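First the structure, in the form of structure tokens, and then the observations on it.
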Amino acid sequence: MRAEEQRTDRRIAEKAAKEQWEASAGCRERVERILAELPDTSEQEETGMRKIWSRRTLILAAALAAVVGTTAMASGLFRWDQKAVENFRNPTEEDQNAMTMEGLAKEQIASAADAGITVTAKQTVQDKNTLYILLDIQAEEEIIDGNGGFDRPGENGDDELPWIITEHTDAFNSVSMGFAPDTPAFSELSDHGYYEINALKSLDQEWDEEQIEIHFTEYSYYTYENGDTVPHTIHGDWALTLPLGEDTILKTDLYEPDAPVEIAGVSVQVKRIEVSPLSLILSFDMDDLNELQETCYAGETDVYLKEVAFTGFLDQNGDEILTGVGGMSGKYDFDNREIIHQMGLGTYVDPSDLSAVLLGDEKTEVPLK
């Protein structure tokens, strides 16, 4: 081995030991792709001299670039927006770095200005089931509070057009949006605010949207004069294209409980549980839920659903983790006799630290094993 290569090996080993590198799965995949594309030798012209790099040196350089690049990204090139951190209930910096390195969290820079309002995309966070979008809103006048909002009505003013435009129709089950919860409301108007969009992806088709477009044509707000609430509408055109990337779908952990659980005296089989750091899917036996409804509540659908509503997790120590729900949708699968509940989680969780899902006010435990 040449002395130069030995020195390179030693520098890499020392730096790795000092910084305790641990490459993510995504990083390892990138290294493998780089190595697969490398030639046996590579020539580079440098100041009139020809430099020959051996494949071994290229392999070391590729690995170093991938690991250092990932570490640098986690340590400062892309920092989570503080408002997004708050939305996910303050995940640790380690969790933020993990989500960034795996491609779940992505910085956005698209911006559009019209009619005295500038809309700037700051960040997206997504997994298999959910998509979160953070927008920064800056206005020339004080017209922003928690009661304001954007829209995109049709030409006749009645039919609303989709304001999240995707390649495939029906890409989402549900979408909600509004100013961040801590935005002042009722007469405390400001010229700045954060606008958040929470979307649940469709259960009926595979998600393969590499980018989306947000298109608003209307901003509505209120002023408060002498005790009266006065509506206002600003017409404009704000269109943003947000790249989401190809490697942003985190693998979910799948569980298929063997035994049913007892809910209000009725045996209910949870057929499937899918959990990721950002979302949860619960699939119930349809006939069991029908029996629960008929037995306990004589057809009061909204009431009986509370008994099977997700209310939290247990960690490996048996302590309760309350995450909240960031949007929820459902589906009836008559072919498989299942009722499926899909929901975004109100915070980041570590699936490996979870031992059970909790249902209803009684906190019925469904083990994850």
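Computed from a predicted model, the values in this text were never measured in an experiment.
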Answer whether the closest heavy-atom distance between the side chains of [X] and [Y] falls below 4.5 Å.
{"X": "L131", "Y": "L200", "result": "no"}
{"X": "F310", "Y": "V366", "result": "no"}
{"X": "V230", "Y": "H232", "result": "yes"}
{"X": "Q138", "Y": "D191", "result": "yes"}
{"X": "Q123", "Y": "Y132", "result": "no"}
{"X": "I133", "Y": "V125", "result": "no"}
{"X": "L314", "Y": "I321", "result": "no"}
{"X": "V357", "Y": "L282", "result": "yes"}

In terms of side-chain geometry, is the basic nitrogen of R337 or D285 positioned less than 4.0 Å from the acidic oxygen of its partner?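 Salt bridge flag = no for D285 with R337.
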Inter-residue atom distance [X].[atom1] - [Y].[atom2], 0.5 Å rounding:
{"X": "L203", "Y": "D170", "atom1": "CG", "atom2": "CG", "value": "12.5 Å"}
{"X": "F179", "Y": "I144", "atom1": "CZ", "atom2": "CD1", "value": "4.5 Å"}
{"X": "F334", "Y": "M286", "atom1": "CZ", "atom2": "CE", "value": "4.5 Å"}
{"X": "T120", "Y": "L134", "atom1": "OG1", "atom2": "CG", "value": "10.5 Å"}
{"X": "T130", "Y": "F172", "atom1": "OG1", "atom2": "CZ", "value": "10.0 Å"}
{"X": "L254", "Y": "S283", "atom1": "CG", "atom2": "OG", "value": "10.0 Å"}

Count I, L, V, M, F, W, Y as connected when their side-chain heavy atoms are under 4.5 Å apart, and connections chain through other members. Are [X] and [Y] then in the same cluster?
{"X": "Y332", "Y": "L292", "answer": "yes"}
{"X": "L368", "Y": "I340", "answer": "no"}
{"X": "I117", "Y": "Y221", "answer": "yes"}
{"X": "I281", "Y": "F284", "answer": "no"}

Will you find, in the side chains of [X] and [Y], an N or O donor that is under 3.5 Å from an N or O acceptor?
{"X": "Q126", "Y": "K201", "answer": "yes"}
{"X": "D228", "Y": "Y222", "answer": "no"}
{"X": "H235", "Y": "T217", "answer": "no"}
{"X": "T223", "Y": "E225", "answer": "yes"}

Taking ring pair (Phe, Tyr, Trp, His ring centres under 6.0 Å) as the test, write out the residues that go with F150, two or more places apart. Y195, F216, Y219, W238
Would you say that more than 12 heavy atoms from the other residues, nucleotides or ligands in this model lie under 6.0 Å from the CD of Q205, or not? yes
More than 12 non-hydrogen atoms from neighbouring residues, nucleotides or ligands closer than 6.0 Å to CD on E140, yes or no?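 Check fails, neighbour count at 12 or below.
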What's the shortest heavy-atom distance between [X] and [Y], and which atoms?
{"X": "S220", "Y": "T233", "answer": "OG-OG1, 3.7 Å"}
{"X": "I165", "Y": "P162", "answer": "CG1-O, 3.9 Å"}
{"X": "P277", "Y": "L345", "answer": "O-CD1, 4.1 Å"}
{"X": "I339", "Y": "H341", "answer": "CG2-NE2, 3.9 Å"}
{"X": "I234", "Y": "A115", "answer": "CG2-CB, 3.6 Å"}
{"X": "E365", "Y": "A356", "answer": "CB-CB, 4.5 Å"}

Any donor and acceptor pair, going by atom type alone, linking the side chain of [X] with main-chain N or O of [Y] inside 3.5 Å?
{"X": "E213", "Y": "L242", "value": "no"}
{"X": "Q342", "Y": "N173", "value": "no"}
{"X": "T311", "Y": "L358", "value": "yes"}
{"X": "D315", "Y": "N317", "value": "yes"}
{"X": "D114", "Y": "D237", "value": "yes"}
{"X": "E320", "Y": "G312", "value": "no"}

Among S276, S279, S329, find the one that has a side chain to side chain donor-acceptor pair (under 3.5 Å) with N129. S279
Side chains of residues 255-272: which donor-acceptor partners sit under 3.5 Å, not counting sequence neighbours?
from	atom 1	to	atom 2	distance (Å)
Q269	NE2	P257	O	3.0
K271	NZ	N336	O	3.0
R272	NE	E274	OE2	3.0
R272	NH1	E338	OE1	3.2

Looking at residues at least two apart in the chain, or sitting in another chain, which of them share a side-chain contact (heavy atoms from CB on, under 4.5 Å) with Q316? D353, S355
